[in-house]
> 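Please see the structure below; I have some questions.
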Amino acid sequence: MMKRKREEKNECMDIVWQTPANPPLPQDYIFRNGIRFVRPYYFEFIAHVKNRWAGKTIVDLFAEEFKGRPYEYYVSAVKCGRIQVDGEMVPVSYVVKSSQKISHFLHRHEPPVMACEVPILQKESDVLTVCKPASVPVHPCGQYRKNTVVGILQAEHGLAPLFPIHRLDRLVSGLLIIARNATKADSFRQEIEAGLVKKQYIAKVVGEFPKDELIVDANIDYNAREGRSTAEVRDSAKGKVSSTKFTRISSNGTHSIVLCEPVTGRTHQIRVHLQYSGHPIANDMLYISEQPVDRSINGSTADRSARISDVSLTSNLGEELPSECQENSNEDFSLDPMCTNCPNLAPNGYDADEEGLWLHCMRYSGPGWTYECPYPDWAKL
């Protein structure tokens, strides 16, 4: 009976619920002022009750664990069936049990990214290389699903399945190697884990970098709460052993272009080791400042909170999409009466004013293979 009522309610509202199985489509994107937005869509999030959640009411669980929406929203969502337990509607006083399936049906708004193309550099039968634009995540994570490199390639080029064999931070641009089948992906990963793959990045840093080769051996200690890492002395008990080799390419006295070759692969390793050397990336406000950035600012991530607001920075390699791709910039999208983000395209805490980091992946090489990516515009001093 409950299920029938739920179907009648959804049918009345003309809602089509999506899951990860629904592929991104070209019409899912809206382009405005050089920014790529995703048209909001209805999505089913599924989770299972953790042991520490057991014993809480369904409303208290959501209000305490998912603080992005007000308490009143969760009360309404439970009452109308947008939050369900084991596929059934429950009262707001319902107490959850361990391992139960929880579904949250919501109007999903993805964060925006810069409206750059994802240029395909090389297309082989089992390998695809692209130049990843800054601000775009590699694969679905957090609030991003369609606004990712994998999602855009699937929507605009019909490329699937795709298996990225390494990752680049969201704000980093450059070479991304993607296997086109699981067997090739496993082959790449085995070479990486065996230490057979060499990585090269370039960065634009503050000041005149030393002419001689510089090797930084400093442990990396990542603080997930603050969203940033710190460098510790090698014999410190804190952090993971890390090493990066730096070579100056050019300098004008104010900035330097530096070749960065990480020996290990830790979170924010190049960024932190450049800060440790006294030459942080010139537009990396997260590491130019010695003070941790408050991630709670407007509900944003650490890098978004550290955004440079008074400097206009160029994007990386890709150019802004041509005007004909922005035909739908004024198209409306369906507003949802229960959505806490409507009528805005972006979710709360995100705006479209974001720049890319001056860190670019240039080259990956392994046994018998090398893939490269062109220099970005900012690398010209």
Side-chain angles (χ1 to χ4, degrees), residues 20-21 23-24 118-134 136-142 144-145 148-154 157-203 213 215-222 224 229 231 234 239-247 259-274 317 357 359-374:
V118 181
I120 294 176
L121 302 173
Q122 197 164 338
K123 189 175 181 181
E124 303 171 355
S125 60
D126 54 1
V127 179
L128 180 76
T129 62
V130 302
C131 185
K132 174 193 171 303
V136 185
V138 171
H139 49 67
C141 56
Y144 298 90
R145 176 172 162 256
T148 62
V149 172
V150 170
I152 294 168
L153 288 172
Q154 186 171 8
H157 298 277
L159 293 167
L162 296 175
F163 304 84
I165 63 104
H166 65 104
R167 65 179 297 274
L168 297 176
D169 287 345
R170 188 177 60 81
L171 293 181
V172 176
S173 63
L175 175 69
L176 182 65
I177 304 173
I178 304 172
R180 302 184 66 182
N181 56 67
T183 301
K184 189 63 177 179
D186 287 341
S187 175
F188 273 125
R189 290 187 183 118
Q190 288 172 16
E191 291 179 358
I192 291 173
E193 290 172 0
L196 302 176
V197 176
K198 183 178 181 181
K199 317 164 198 175
Q200 294 181 316
Y201 294 71
I202 57 168
E213 178 182 286
I215 297 178
V216 175
D217 291 313
N219 290 7
I220 298 292
D221 185 29
Y222 179 65
S229 296
R234 173 51 68 92
K240 297 179 179 179
V241 172
S242 307
S243 179
T244 313
K245 182 173 73 173
F246 298 105
T247 307
L259 176 67
C260 315
E261 300 177 271
V263 178
T264 52
R266 312 301 185 195
T267 302
H268 296 183
Q269 175 175 317
I270 294 175
R271 299 166 69 178
V272 176
H273 279 179
L274 283 169
L317 182 74
L357 197 65
L359 179 62
H360 184 81
C361 183
M362 287 292 300
R363 182 181 297 107
Y364 262 60
S365 57
W369 58 267
T370 298
Y371 294 106
E372 298 181 327
C373 189

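Only this structure's heavy atoms are used, side chains among them; waters, hydrogens and symmetry mates stay out.
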> Name all residues meeting the side chain to side chain donor-acceptor pair (under 3.5 Å) criterion together with T267; count only those two or more places apart in sequence or in a different chain, and write none if there are none.
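By the side chain to side chain donor-acceptor pair (under 3.5 Å) rule, T267 matches no residue at all.
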
> Under a 4.5 Å cut-off applied to non-hydrogen side-chain atoms, are K199 and Y364 in contact?
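Yes, at least one pair of side-chain atoms sits under 4.5 Å.
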
> Got a sec, which residues hit side-chain contact (heavy atoms from CB on, under 4.5 Å) with V241, two or more places apart in sequence or on another chain?
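N219, R234.
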
> Checking D221 now: which residues fulfil side chain to side chain donor-acceptor pair (under 3.5 Å) with it, not counting sequence neighbours?
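Not a single residue meets the side chain to side chain donor-acceptor pair (under 3.5 Å) criterion with D221.
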
> Which residues pass the side chain to side chain donor-acceptor pair (under 3.5 Å) test with Q200, not counting sequence neighbours?
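Side chain to side chain donor-acceptor pair (under 3.5 Å) list for Q200, sorted by chain: E261, R363.
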
> Is it the case that H139 and T148 place a side-chain donor and acceptor less than 3.5 Å from each other?
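Short answer, no.
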
> Hey, does the side chain of T264 reach the backbone of S243 with a donor-acceptor pair shorter than 3.5 angstrom?
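Between the backbone of S243 and the side chain of T264 there is a qualifying donor-acceptor contact (under 3.5 Å).
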
> Just to verify, what does F188 make a ring-ring contact (aromatic ring centres under 6.0 Å, His included) with, not counting sequence neighbours?
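F188 satisfies ring-ring contact (aromatic ring centres under 6.0 Å, His included) with W369 only.
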
> Not counting sequence neighbours, which residues clear salt bridge (Lys or Arg N to Asp or Glu O under 4.0 Å) with D186? List them please.
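Salt bridge (Lys or Arg N to Asp or Glu O under 4.0 Å) list for D186, sorted by chain: R189.
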
> Strictly distance-based, threshold 3.5 Å: is any side-chain N or O of K132 a donor or acceptor partner for the main-chain N or O of V172?
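Checking the backbone N and O of V172 against the side chain of K132, a donor-acceptor pair under 3.5 Å is found.
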
> Is there side-chain contact between L176 and H166, with at least one heavy-atom pair below 4.5 Å?
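Yes, their side chains come closer than 4.5 Å.
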
> Going by atom type alone, with no hydrogens or angles, which donor-acceptor pairs under 3.5 Å involve a side-chain atom of residues 118-129 and a protein atom two or more places apart or on another chain?
residue, atom, partner, partner atom, Å
Q122, NE2, E124, OE2, 2.7
E124, OE1, Y371, OH, 3.2
T129, OG1, Q122, N, 3.1

> Report the residues that fulfil side chain to side chain donor-acceptor pair (under 3.5 Å) with T244, sequence neighbours left out, ordered by chain and then residue number.
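Applying side chain to side chain donor-acceptor pair (under 3.5 Å) to T244 gives Q269, H273.
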
> Hey, does the side chain of N181 reach the backbone of T183 with a donor-acceptor pair shorter than 3.5 angstrom?
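Side chain of N181 to backbone of T183: a pair is present.
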
> For L168 versus G174, what's the shortest heavy-atom pair and its separation?
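Closest heavy-atom pair between L168 and G174: CD1-O, 3.9 Å.
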
> Do the side chains of R170 and L357 get nearer than 4.5 Å, heavy atoms only?
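In short, these two side chains do not touch, never coming nearer than 4.5 Å.
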
> What pairs with A231 under side-chain contact (heavy atoms from CB on, under 4.5 Å), at least two apart in sequence or on another chain?
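By the side-chain contact (heavy atoms from CB on, under 4.5 Å) rule, A231 matches A218, V272, Y276.
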
> If you define the side chain from C-beta out and look only at heavy atoms, does anything of H360 sit under 4.5 Å from C131?
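They are in contact (side-chain heavy atoms under 4.5 Å apart), so the answer is yes.
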
